[in-house]
Amino acid sequence: MLSIIDIIEDTTVDGPGFRTAIYAAGCLHRCPGCHNPSSWDIQNGKWMSVDSLLQNILADNFANVTFSGGDPFFQPEGFIRLARGH
């Protein structure tokens, strides 16, 4: 299970081309000027399974994926599984 702040489909601002952006909850960096400080607390996200996130990503055959946040490395095991496709 991963704590997810938001999923933005067909974005063009989170990398080249059309993308599905997965915004992770949880971050320890507390960067000054962070554009998403509500993502720092892992409890602010919605808990989602890796399988349901993968289905969402694969639903668009033409989009790539961006993991953003928060900090996806705050939940490394789940995001590794998601990146590997299982």
Side-chain angles (χ1 to χ4, degrees):
M1 296 294 281
L2 290 166
S3 183
I4 304 298
I5 291 289
D6 203 359
I7 300 172
I8 308 294
E9 297 172 352
D10 296 327
T11 180
T12 58
V13 298
D14 291 308
F18 288 103
R19 309 190 77 72
T20 299
I22 309 291
Y23 286 86
C27 184
L28 297 176
H29 302 292
R30 311 292 196 256
C31 298
C34 174
H35 77 277
N36 201 6
S38 65
S39 69
W40 295 351
D41 185 348
I42 198 165
Q43 298 305 320
N44 286 343
K46 174 183 173 186
W47 291 99
M48 301 181 72
S49 72
V50 170
D51 289 338
S52 68
L53 288 165
L54 186 59
Q55 288 175 2
N56 188 294
I57 292 166
L58 296 176
D60 188 343
N61 293 330
F62 299 103
N64 290 307
V65 65
T66 296
F67 300 147
S68 192
D71 181 1
F73 290 113
F74 193 77
Q75 304 177 76
E77 295 86 6
F79 275 98
I80 288 170
R81 287 186 55 226
L82 187 58
R84 288 183 175 158
H86 57 83

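In this text the structure is predicted, and so the values were computed from the model without any measurement. Along the sequence shown, residues carry numbers from 1.
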With sequence neighbours excluded, what pairs up with Thr66 under the side-chain hydrogen bond (donor to acceptor under 3.5 Å, both in side chains) test?
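Thr66: side-chain hydrogen bond (donor to acceptor under 3.5 Å, both in side chains) contacts with Arg19.
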
Report the residues that fulfil side-chain hydrogen bond (donor to acceptor under 3.5 Å, both in side chains) with Asp6, sequence neighbours left out, ordered by chain and then residue number.
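side-chain hydrogen bond (donor to acceptor under 3.5 Å, both in side chains) check on Asp6 returns nothing, list empty.
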
Roughly how far apart are [X] [atom1] and [Y] [atom2], rounded to 0.5 Å?
X     : Y     : atom1 : atom2 : result
Cys31 : Asn36 : SG    : CG    : 11.5 Å
Phe67 : Ile57 : CZ    : CD1   : 5.0 Å
Lys46 : Leu2  : NZ    : CG    : 13.0 Å
Cys27 : Asn44 : SG    : CG    : 12.5 Å

Using the rule given for side-chain contact (heavy atoms from CB on, under 4.5 Å), can you reason through Gln75 versus Ser3, listing the C-alpha separation, both sets of side-chain angles and the distance that settles it, and then say yes or no?
CA-CA 8 Å; Gln75 304 177 76; Ser3 183; 3.9 Å; yes

Would you mind reporting whether Ile4 and Met48 have side-chain heavy atoms less than 4.5 Å apart?
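The answer is yes; the side chains approach within 4.5 Å.
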
Measuring only between side-chain heavy atoms, which start at C-beta, is Phe79 closer than 4.5 Å to Ile22?
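SC-SC contact between Phe79 and Ile22 confirmed.
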
How close do [X] and [Y] get, heavy atom to heavy atom, and via which atoms?
X     : Y     : answer
Ala25 : Asp41 : CB-O, 4.0 Å
Ser39 : Gly70 : OG-N, 2.7 Å
Pro72 : Gly69 : CD-N, 4.5 Å

Do you reckon Leu82 sits in the same ILVMFWY cluster as Phe73, going by side-chain contacts under 4.5 Å, direct or chained?
no

Running the 4.5 Å side-chain criterion over Ile, Leu, Val, Met, Phe, Trp and Tyr, what cluster does [X] land in, apart from itself?
X     : answer
Ile8  : Ile5, Tyr23
Phe18 : none
Ile80 : none
Met1  : Leu28, Ile42, Trp47, Phe74

By side-chain contact (heavy atoms from CB on, under 4.5 Å) - contacts of [X] (at least two apart):
X     : result
Leu58 : Leu54
Asp60 : Asp10, Phe62, Ala63
Asn56 : Ile7, Glu9, Thr20

Counting only heavy atoms not in Arg84 (residues, nucleotides, ligands), do more than 12 fall under 6.0 Å from its CZ?
no

